[in-house]
Student: 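Please see the structure below; I have some questions.
Just so you know, residue 1 is the first one in the sequence shown, and it goes up from there. Keep in mind that the numbers below use all heavy atoms, side chains included, and drop hydrogens, waters and symmetry copies. Keep in mind the model is a prediction, meaning the values are calculated, not measured.
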Amino acid sequence: QVQLVESGGGLVQPGGSLRLSCAASGFTFHYYAIGWFRQAPGKEREGVSYIISDGHTYYADSVKGRFTISRDNAKNTVYLQMNSLKPEDTAVYYCASSYSGSYNYIDPNEYDYWGQGTQVTVSS
């Protein structure tokens, strides 16, 4: 019913910036939250940021002040602007959508649909 496609990943030097996009298609009008997650080799998938349908946002402590989540409802797209990137930000980044009310959108188990991911590599 819902397809999510991430784009915008790539190789960037430390201190640089990238903007990730998550384009949604299908029946997307009633989502509760869109989240960004990342998974580095050998590590568990972790929540990075999410935006709730009412516009409220959340950021993991590790990215506060550096990342910004936003949405363009007309384009059915959510963005993750990543500034001041660090090598530890290197991971595959996934977007996901939740269609259920939740007290804990940082938990990936709360999400119903997932994109395939986009690689972000921060290296000199």
Student: Does the side chain of Arg38 come within less than 4.5 Å of Glu46's, by heavy atoms?
Tutor: yes
Student: With rounding to the nearest 0.5 Å, note down the distance linking CD1 in Ile51 to SG in Cys95.
Tutor: 13.0 Å
Student: For the atom pair CD (Gln81) and CD1 (Ile69), what is the distance rounded to the nearest 0.5 Å?
Tutor: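 With rounding to 0.5 Å, CD (Gln81) is 12.0 Å from CD1 (Ile69).
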Student: Take atom CD of Gln13 as the centre, draw a 6.0 Å sphere, and report whether it contains more than 12 heavy atoms from other residues, nucleotides or ligands.
Tutor: no
Student: side-chain contact (heavy atoms from CB on, under 4.5 Å) for Thr68 and Tyr59? Distances and angles first, verdict last.
Tutor: CA-CA 8 Å; Thr68 303; Tyr59 301 93; 3.7 Å; yes
Student: Let me see the working for Leu20 and Glu6 under side-chain contact (heavy atoms from CB on, under 4.5 Å), right down to the final yes or no.
Tutor: CA-CA 7 Å; Leu20 305 183; Glu6 302 96 337; over 6 Å; no
Student: Has Thr90 got a side-chain atom pairing as donor or acceptor with Val122's backbone, closer than 3.5 angstrom?
Tutor: yes
Student: How far apart are the C-alpha atoms of Ser123 and Leu11, what are their side-chain angles, what is the distance that settles it, and do they pass the side-chain contact (heavy atoms from CB on, under 4.5 Å) test?
Tutor: CA-CA 7 Å; Ser123 175; Leu11 175 65; 4.2 Å; yes
Student: Membership question, hydrophobic clusters at under 4.5 Å side-chain separation (ILVMFWY): are Val48 and Tyr94 in the same one?
Tutor: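 No, Tyr94 does not connect to Val48 through the hydrophobic network.
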Student: Could you tell me the separation between the CZ atom of Arg66 and the OG atom of Ser17, rounded to the nearest 0.5 Å?
Tutor: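 Atom-to-atom, Arg66:CZ and Ser17:OG are 10.0 Å apart.
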Student: Are Ile106 and Val92 linked, directly or through other ILVMFWY residues, by side chains that come within less than 4.5 angstrom of each other?
Tutor: yes
Student: Could you grab the distance from atom OH of Tyr93 to atom CD of Gln119, nearest 0.5 Å is fine?
Tutor: 9.5 Å
Student: Give a yes or no on whether Tyr58 and Tyr99 share a hydrophobic cluster (residues Ile, Leu, Val, Met, Phe, Trp, Tyr; joining criterion: side-chain heavy atoms under 4.5 Å apart).
Tutor: no
Student: What is the minimum heavy-atom distance between Val5 and Gln3, and which atoms define it?
Tutor: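 The answer is CG2-NE2, 3.7 Å.
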Student: Taking the ring centre of each residue, are Phe37 and Trp114 less than 6.0 Å apart?
Tutor: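 Aromatic pair counts; centres sit under 6.0 Å.
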Student: OH/Tyr79 to OG/Ser49 distance, rounded to the nearest 0.5 angstrom?
Tutor: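 Answer rounded to 0.5 Å: 15.0 Å.
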Student: What pair of heavy atoms forms the shortest contact from Ser100 to Asp112, and how long is it?
Tutor: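 Shortest heavy-atom separation between Ser100 and Asp112 comes out as N-OD2, 4.1 Å.
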Student: To the nearest 0.5 angstrom, please state how far the CD1 atom of Ile52 sits from the CD1 atom of Ile34.
Tutor: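 One gets 11.5 Å once the value is rounded to the nearest 0.5 Å.
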Student: Please report the shortest heavy-atom distance between Trp36 and Cys22, naming the atom on each side.
Tutor: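 Nearest heavy atoms, Trp36 then Cys22: CZ2-CB, 3.6 Å.
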Student: Consider only side-chain heavy atoms of I, L, V, M, F, W and Y, link residues closer than 4.5 Å, and tell whether Tyr105 and Leu4 are in one cluster.
Tutor: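 Unlinked, Tyr105 and Leu4 end up in two clusters.
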Student: Charged N to carboxylate O under 4.0 angstrom, Asp89 versus Lys86?
Tutor: no
